[in-house]
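Report on one structure; see the data block that follows.
Residue numbers begin at 1 in each chain, while the letters A, B, ... track the order of the sequences. Small disclaimer: the values here were computed from a predicted structure and weren't measured.
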Amino acid sequence: MQEAVSTTEKARMGLPATLFYRFRKAAKALKRFGAIAGPGIIVMVADNDAGGITTYTTTGAKYGDHLLWFLILLGPVAYLVQEMTVRLGAVTKRGHAEAIFHGFGAFWGWFSLLDLVLTDWLTMITEFIGMTAAMSIFGVPAWVTVIGCWLLMGSMILSGSYWTWEKIALALCVGNLIYIPAAFMVHPSISDVLRNSLVPHWPPGGLTNELFFLLMANIGTTIAPWMLFFQQSSVVDKGLREQDIRFAKLDTAIGAVLTVVVATFLIVVSARLLSGQAVESAAQAAVEIMPVNKYVGTIIAIGLFDAGFLGAICISLASSWAFGEIFGWAHSLNQNIREAPWFYAYYFFDLVLAGTVVLIPRAPLVLITLFVQVIATTLLPAALVFLILLLNDKKTMGKYRNGTWQNVANISIVLVIIVLSTLYGVTTLFPGVLE
Amino acid sequence: MKPFSAVFSSLVNQVRAINRRYAKPQIEMTWFVKACLLILRLYLFVLVSLMIYKFVKTLKS
């Protein structure tokens with residue numbers, strides 16, 4: 001079928017025919033986008049995981065709306081970083097772990113893989129902490145939540161179809177938008193929210209150690225190492241090709257907008273209902289909001305569970321894909337358990353191990369949460385440096401390698417993230433070192 | 001059911017095969033790439049040393 005219509009042919013067709021042609025073209029593009037979209041939206045929304053929800057509620061409670069502009073700034077940053085994984089995956093057809101092994105050799109490959117596995121496992125523990133805390137608000141015991149989650153997470157992948165998994169994950173992404181109505185329920189001043197979103201400024205009190213720590217936590221929740229591994233492997237598993245990059249970028253951009261929107265609305269809620277209170281977790285925030293507004297409190301608890309669930313399935317998959325790529329196991333969600341036993345065994349093993357830790361009485365959960373931040377700090381700079389170098393490899397990337405402006409933007413972002421995340425890691429290890 | 005030693009030795013063989021397969025980095029080793037990898041090694045060395053120091057200090061206290 002001939003797709004291209006020349007200008008002279010268009011002129012001869014007349015207005016109705018031209019409109020029909022344009023409508024058909026747009027409909028086809030939309031259909032194609034619908035088929036390609038998924039990995040970008042999922043990874044970006046899953047980025048607002050249980051830890052992220054806690055960070056946003058703490059940010060709102062402590063600094064009100066004053067840091068909204070900073071979060072909005074993080075949206076494009078997250079997009080620019082994640083977009084590189086789309087190109088790398090679509091062009092090389094390799095997941096991120098395999099790309100590092102292939103590009104930089106076994107030493108850096110093992111370093112990245114083992115660091116990823118440790119970071120992912122510790123992060124998953126924090127997801128289970130979030131889910132059990134959220135369900136405990138409704139009186140559900142932790143062991144029931146953990147076992148229920150294992151069953152649900154298991155049933156999601158039993159179909160042996162990437163599409164089924166993706167549809168369920170996208171439904172969970174919709175669940176993450178629950179904070180939007182919650183923000184409208186607290187009747188914020190739109191002009192205040194807009195001013196604090198668009199005009200960069202420090203909150204009253206200026207730049208303090210506490211503020212710096214919270215800014216770092218916000219960066220840490222927006223750009224995480226597992227996201228690079230997840231999206232690239234997801235692009236490969238979905239079978240995206242070079243010609244799909246344009247739509248996959250749009251998918252990532254929509255995801256970046258969604259992640260910022262969810263974070264912004266949650267901060268608006270906690271700024272209104274928890275102002276000045278010391279909030280240490282999203283579950284605590286939900287409990288404290290309940291007497292003030294039980295609907296909003298319930299929404300925060302449901303959103304926290306949804307965020308933890310989405311985060312856990314994505315993070316576990318990121319590790320399983322990485323192991324499958326390196327060990328040569330069958331590692332696609334399009335294969336069933338018989339066809340890819342080790343891939344699914346690792347997926348379940350990760351989930352079961354993380355869930356079990358939460359059930360251990362007096363487990364050092366606070367220490368684990370801190371440890372996640374420090375370990376992630378060691379992986380993030382390495383993962384970002386590898387990403388930039390791979391995206392500049394002419395031999396591998398050809399015409400899809402980074403252009404000059406992409407390099408200027410991405411290298412600047414990576415340098416800033418490396419400096420800030422190092423400071424974050426050091427201050428987590430040695431509190432008060434910057435005082 | 002395979003005995004544990006057989007599973008372990010199979011795993012070691014797999015790791016060796018992976019090390020052989022990825023023995024040579026495939027990226028073009030320009031001065032920029034070499035410099036970045038060197039800086040990364042130094043960075044990680046310092047950070048891991050700090051973590052070990054903190055861990056030992058915490059254990060002692």
Side-chain angles (χ1 to χ4, degrees), chain A residues 92 94 97-113 115 323 325-329 342 367 370-371 374-375 377-397 401 407 411 414-415 418-419 421-422 425-431 433, chain B:
Chain A
T92 64
R94 293 189 191 104
E98 195 181 355
I100 293 174
F101 265 91
H102 184 262
F104 302 98
F107 170 78
W108 287 115
W110 286 117
F111 164 78
S112 301
L113 184 66
D115 207 353
F323 258 96
E325 287 157 15
I326 302 309
F327 280 84
W329 306 332
W342 288 106
L367 197 68
L370 282 177
F371 205 58
V374 177
I375 299 288
T377 305
T378 62
L379 181 58
L380 188 60
L384 290 174
V385 167
F386 293 144
L387 192 60
I388 294 272
L389 294 178
L390 287 168
L391 263 291
N392 277 289
D393 190 29
K394 197 175 171 184
K395 195 171 69 178
T396 315
M397 293 302 294
R401 71 184 185 279
N407 270 333
I411 293 174
V414 168
L415 285 176
I418 289 175
V419 171
S421 66
T422 306
V426 171
T427 46
T428 307
L429 282 172
F430 306 98
V433 77
Chain B
M1 191 86 172
K2 278 185 187 176
F4 179 74
S5 60
V7 173
F8 184 74
S9 97
S10 149
L11 191 69
V12 170
N13 287 337
Q14 275 190 57
V15 170
R16 279 186 184 148
I18 291 165
N19 286 343
R20 272 197 301 275
R21 197 184 330 145
Y22 297 109
K24 194 171 171 282
Q26 296 300 312
I27 196 166
E28 200 181 330
M29 280 291 169
T30 60
W31 68 267
F32 181 70
V33 175
K34 283 180 187 166
C36 284
L37 293 179
L38 180 68
I39 293 167
L40 198 58
R41 274 177 205 263
L42 292 172
Y43 170 83
L44 290 169
F45 178 75
V46 171
L47 211 62
V48 172
S49 304
L50 279 175
M51 281 166 69
I52 293 170
Y53 168 74
K54 176 75 180 182
F55 185 68
V56 172
K57 208 176 148 195
T58 310
L59 276 185
K60 277 187 180 172
S61 64

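The shortest heavy-atom contact between A:Phe327 and B:Leu11 is CE2-CD1, 4.0 Å. Taking each heavy atom of B:Tyr43 and A:Pro381 in turn, the nearest pair found is OH-CG, 3.3 Å. A:Gly103 and B:Pro25 get closest at one heavy-atom pair: O-CB, 3.2 Å. For the pair B:Asn19 and A:Ala106, the tightest heavy-atom approach, listed with the atom from each and the gap, is OD1-CB, 3.5 Å.
Looking at heavy atoms from C-beta onward, B:Arg41 lies out of side-chain contact with A:Phe111 at the 4.5 angstrom threshold. Side-chain contact between A:Ile100 and B:Tyr22: absent, with no pair of heavy atoms (C-beta onward) separated by less than 4.5 Å.
Remark: A:Trp342 CH2 is loosely packed, at most 12 non-hydrogen atoms of other residues, nucleotides or ligands lying under 6.0 Å away. Enclosure of atom CD in B:Glu28 is not indicated, since only 12 or fewer non-hydrogen atoms of other residues, nucleotides or ligands lie within 6.0 angstrom.
By number of non-hydrogen pairs under 4.5 angstrom with chain A, the leading residue of B:Val46, B:Val33, B:Thr30, B:Leu37 is B:Leu37.
Neither the backbone nor the side chain of B:Arg20 comes within contact range of chain A; no heavy atom of the residue lies under 4.5 Å from a heavy atom of that chain. Neither the backbone nor the side chain of B:Ile39 comes within contact range of chain A; no heavy atoms are under 4.5 Å apart.
With rounding to the nearest 0.5 Å, the separation of CH2 in A:Trp108 from CG in B:Leu44 is 5.0 Å. The line from CD1 of B:Ile18 to CD of A:Glu98 is 10.5 Å long, rounded to the nearest 0.5 Å.
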Counting only pairs under 3.5 Å, give me each side-chain donor-acceptor contact of residues 387-396 of chain A, with atom names and distances, residues two or more places apart or in other chains.
from: A:Asn392; atom 1: OD1; to: A:Asn407; atom 2: ND2; distance (Å): 2.7
from: A:Asn392; atom 1: ND2; to: A:Ile388; atom 2: O; distance (Å): 2.8
from: A:Asn392; atom 1: ND2; to: A:Asn407; atom 2: OD1; distance (Å): 2.9
from: A:Asp393; atom 1: OD2; to: A:Thr396; atom 2: OG1; distance (Å): 2.5
from: A:Lys395; atom 1: NZ; to: B:Gln26; atom 2: O; distance (Å): 2.9

